[in-house]
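Taking it in order: structure first as structure tokens, then the write-up.
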Amino acid sequence: QKEVEQNSGPLSVPEGAIASLNCTYSDRGSQSFFWYRQYSGKSPELIMFIYSNGDKEDGRFTAQLNKASQYVSLLIRDSQPSDSATYLCATHYTGANSKLTFGKGITLSVRP
Amino acid sequence: DAGITQSPRHKVTETGTPVTLRCHQTENHRYMYWYRQDPGHGLRLIHYSYGVKDTDKGEVSDGYSVSRSKTEDFLLTLESATSSQTSVYFCAISEQGETPMHFGDGTRLSIL
């Protein structure tokens with residue numbers, strides 16, 4: 001069973017702190033990784049994608065990929081109350097390049 | 001925002017009735033997907049399409065059928081709706097199989 005696992009959460013951080021969201025995956029052959037943000041009652045919104053080992057930064061967001069350890073993380077710097085949402089991790093598994101497999105998500109709450 | 005329109009946005013129907021959900025895109029993307037999202041299960045792939053008249057099953061395809069007669073339209077049909085198909089349904093598109101996926105606003109379907 002190919003799985004994407006996320007911390008069950010919820011995760012609560014104070015405003016201005018760094019929020020760290022983690023995701024592990026079971027298929028060592030996975031090549032592409034995505035982070036989506038989903039506000040309550042809304043559709044998932046793509047915020048980051050990463051294909052290579054290392055860090056990728058975009059504004060306050062940093063995605064980190066470690067293929068040897070099979071984990072991908074999302075760091076949110078200077079967290080704001082507007083970052084409060086559910087964050088979904090997703091990957092394409094080997095041989096299923098057209099299909100994204102999603103984790104169940106982790107809910108982040110940023111306290112003012 | 002990706003040009004994806006789902007219709008209807010909300011629907012309430014009775015067990016045993018046929019239901020068709022429509023996804024329309026203006027991006028001319030090759031790939032289109034139908035996901036359902038349920039508490040405790042996350043996003044699960046129902047069916048996807050990789051071109052006109054080219055479709056394949058996802059992990060939860062039983063009880064659903066799809067059709068794609070034009071690049072821009074992807075239809076999801078529940079031939080005889082059951083209460084277990086009550087869910088939020090999301091359409092998504094991507095330019096190629098491994099490129100980032102973007103979601104429509106969703107259809108909330110209730111089957112009584």
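The figures that follow rest on heavy atoms only: side chains count, while hydrogens, waters and symmetry mates do not. What you see is a predicted model, and the numbers here were worked out from it, not measured in a lab.
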**Residue-level contacts of residues 44-51 of chain B with chain A, using a heavy-atom cutoff under 4.5 Å** = B:Leu45, B:Tyr48

**Item:** Within residues 47-87 of chain A or reaching into it, pairs that qualify as ring pair (Phe, Tyr, Trp, His ring centres under 6.0 Å) - sequence neighbours excluded
**Value:** A:Phe49-A:Tyr51

**Request:** Tell me, for B:Ser94 versus chain A, whether the close heavy atoms (under 4.5 Å) come from the side chain, the backbone, both or neither.
**Result:** neither

**Item:** Contacts of residues 35-47 of chain A with chain B (heavy atom under 4.5 Å)
**Value:** A:Tyr36, A:Gln38, A:Lys42, A:Ser43, A:Pro44, A:Leu46

**Part of residues 15-24 of chain A lying next to chain B, heavy-atom separation under 4.5 Å** = none

**Message:** Can you tell whether the side chains of A:Asp83 and A:Arg60 come within less than 4.0 Å, N to carboxylate O?
**Reply:** yes

**Asked** Do the ring centers of A:Phe102 and B:Tyr35 come within less than 6.0 Å of each other?
**Response** yes

**Item:** Note, A:Val72 side chain near A:Gln64 side chain (heavy atom, < 4.5 Å)
**Value:** no

**Contact check, side chains of A:Cys89 and A:Phe34, non-hydrogen atoms, under 4.5 Å** = no

**Request:** May I ask you to say whether A:Arg77 pairs ionically with A:Glu57, meaning some side-chain N is under 4.0 Å from a carboxylate O?
**Result:** yes

**Item:** B:Lys70 and B:Val52, any side-chain heavy atoms less than 4.5 Å apart
**Value:** no

**B:Arg108 CZ to B:Ser87 OG distance, which is reported to the nearest 0.5 Å** = 9.0 Å

**Request:** Indicate yes or no: at least one non-hydrogen side-chain atom of B:Leu43 is less than 4.5 angstrom from one of A:Leu88.
**Result:** yes

**Message:** Taking B:Arg36 first and then B:Asp38, would you say they form a salt bridge - that is, a charged N and a carboxylate O separated by under 4.0 Å?
**Reply:** yes

**Item:** Pair B:Tyr33 + B:Phe103: ring centers closer than 6.0 Å
**Value:** no

**Request:** Would you check if A:Lys104 and B:His41 make a side-chain contact, meaning some heavy-atom pair closer than 4.5 Å?
**Result:** no

**Item:** Any B:Gln6 side-chain heavy atom under 4.5 Å of B:Arg22 side chain
**Value:** no

